[in-house]
Amino acid sequence: MSGETTDKAGKIARLREQIAGCRRCPLHETRTLTVPGEGDPDADIMFIGEAPGRNEDRQGKPFVGRAGDVFDRLLASVELTRDQIYLCNILKCRPPNNRNPLVGEIQACVGSLDLQIKIVNPSVIGTLGNFATMYILEKFGIPLRKISELAGTSLAVESQFGPKRIVPLYHPAVATYSPTKIDTLLEHFQVFRESRLLAARRDPGA
Ligand code: URA
């Protein structure tokens with residue numbers, strides 16, 4: 001493990017502790033566990049979802065319910081596993097009854113997400129669903145458009161931490177409500193095959 005990798009792991013571990021004690025919005029009163037995120041702190045690809053649901057709130061891990069099963073299937077379709085990526089959410093605590101995040105909750109919480117992006121510094125960010133997509137487009141100064149126009153595309157941006165590609169995607173939960181949508185999600189996910197990162201992984205000598 002390189003020094004930079006150890007450093008990233010340490011910073012992510014400290015951030016997890018801060019999130020565990022967070023009381024910046026009322027969601028701390030109703031949560032069971034915080035769901036900070038998990039995966040490789042040195043990953044080239046980060047995925048950002050919306051907010052923990054009931055299973056995530058109980059286990060403290062992202063995407064462990066039915067949407068998580070869909071997400072694992074999408075990852076497997078491009079030969080990726082969870083230990084090769086970093087996975088987190090816009091909100092680190094569950095909104096009651098899985099309602100949409102409120103503006104104030106997002107504002108209170110995204111400082112942690114911003115730090116995760118800064119520490120992991122992935123080259124590719126996959127945004128799962130509307131909330132993550134709109135937040136990341138705005139953060140990187142990309143003009144807002146409907147997710148239906150963007151899903152499955154790859155947007156190149158220059159950031160203060162170097163070039164990045166943003167990949168807006170529909171939320172995996174869509175396939176739990178409308179099972180036929182899995183084909184669209186699988187098709188959109190193939191964009192990760194085009195990334196130079198996957199190409200490098202398939203051919204380490206490249
Ligand atoms: N589980 C998560 O962790 N995030 C979501 O956005 C949905 C389910």
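Values below: all heavy atoms of this structure, side chains included; hydrogens, waters and symmetry mates excluded. Atoms within a ligand are numbered from 1 in the order they appear, just like the ligands themselves.
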- Message: Tell me the protein heavy atom at minimum distance from atom 1 (N) of ligand 1, and give that distance in Å.
- Response: E56 OE2, 3.0 Å

- Query: Given K92, which of H28, E56, Q116 fulfils the side chain to side chain donor-acceptor pair (under 3.5 Å) condition?
  - Reply: Q116

- Task: Would you mind checking if R193 and E79 are paired as a salt bridge, meaning a charged N to carboxylate O distance below 4.0 Å?
- Result: yes

- Note on the structure: The atoms of ligand 1 lying under 4.0 Å from a heavy atom of P62, numbered in the order shown, are 3 (O)

- Message: F63 versus ligand 1: do any nitrogen or oxygen atoms come within less than 3.5 Å of each other?
- Response: yes

- Item | Flag if over 12 foreign heavy atoms under 6.0 Å of CZ, R99 | yes

- Task: Please verify whether a non-hydrogen atom of N89 lies at under 4.0 Å from ligand 1.
- Result: yes

- Item | Carboxylate-amine/guanidinium contact D114 K118, below 4.0 Å | no

- Query: Any idea which atoms of ligand 1 are less than 4.0 Å away from a heavy-atom of H171?
  - Reply: 5 (C), 6 (O), 7 (C)

- Query: Looking at side-chain heavy atoms only, is the closest gap between T127 and I147 below 4.5 Å?
  - Reply: no

- Item | Aromatic contact, Y177 with Y170 (centres under 6.0 Å) | no

- Which residue owns the protein heavy atom closest to atom 5 (C) of ligand 1, what's the atom, and how far is it? A51 O, 3.1 Å

- Message: Using a 4.0 Å cutoff against the non-hydrogen atoms of G49, which atoms of ligand 1 qualify?
- Response: 6 (O)

- When you look for heavy atoms under 4.0 Å from ligand 1, do you find them on the side chain of E50, its backbone, both, or neither? both

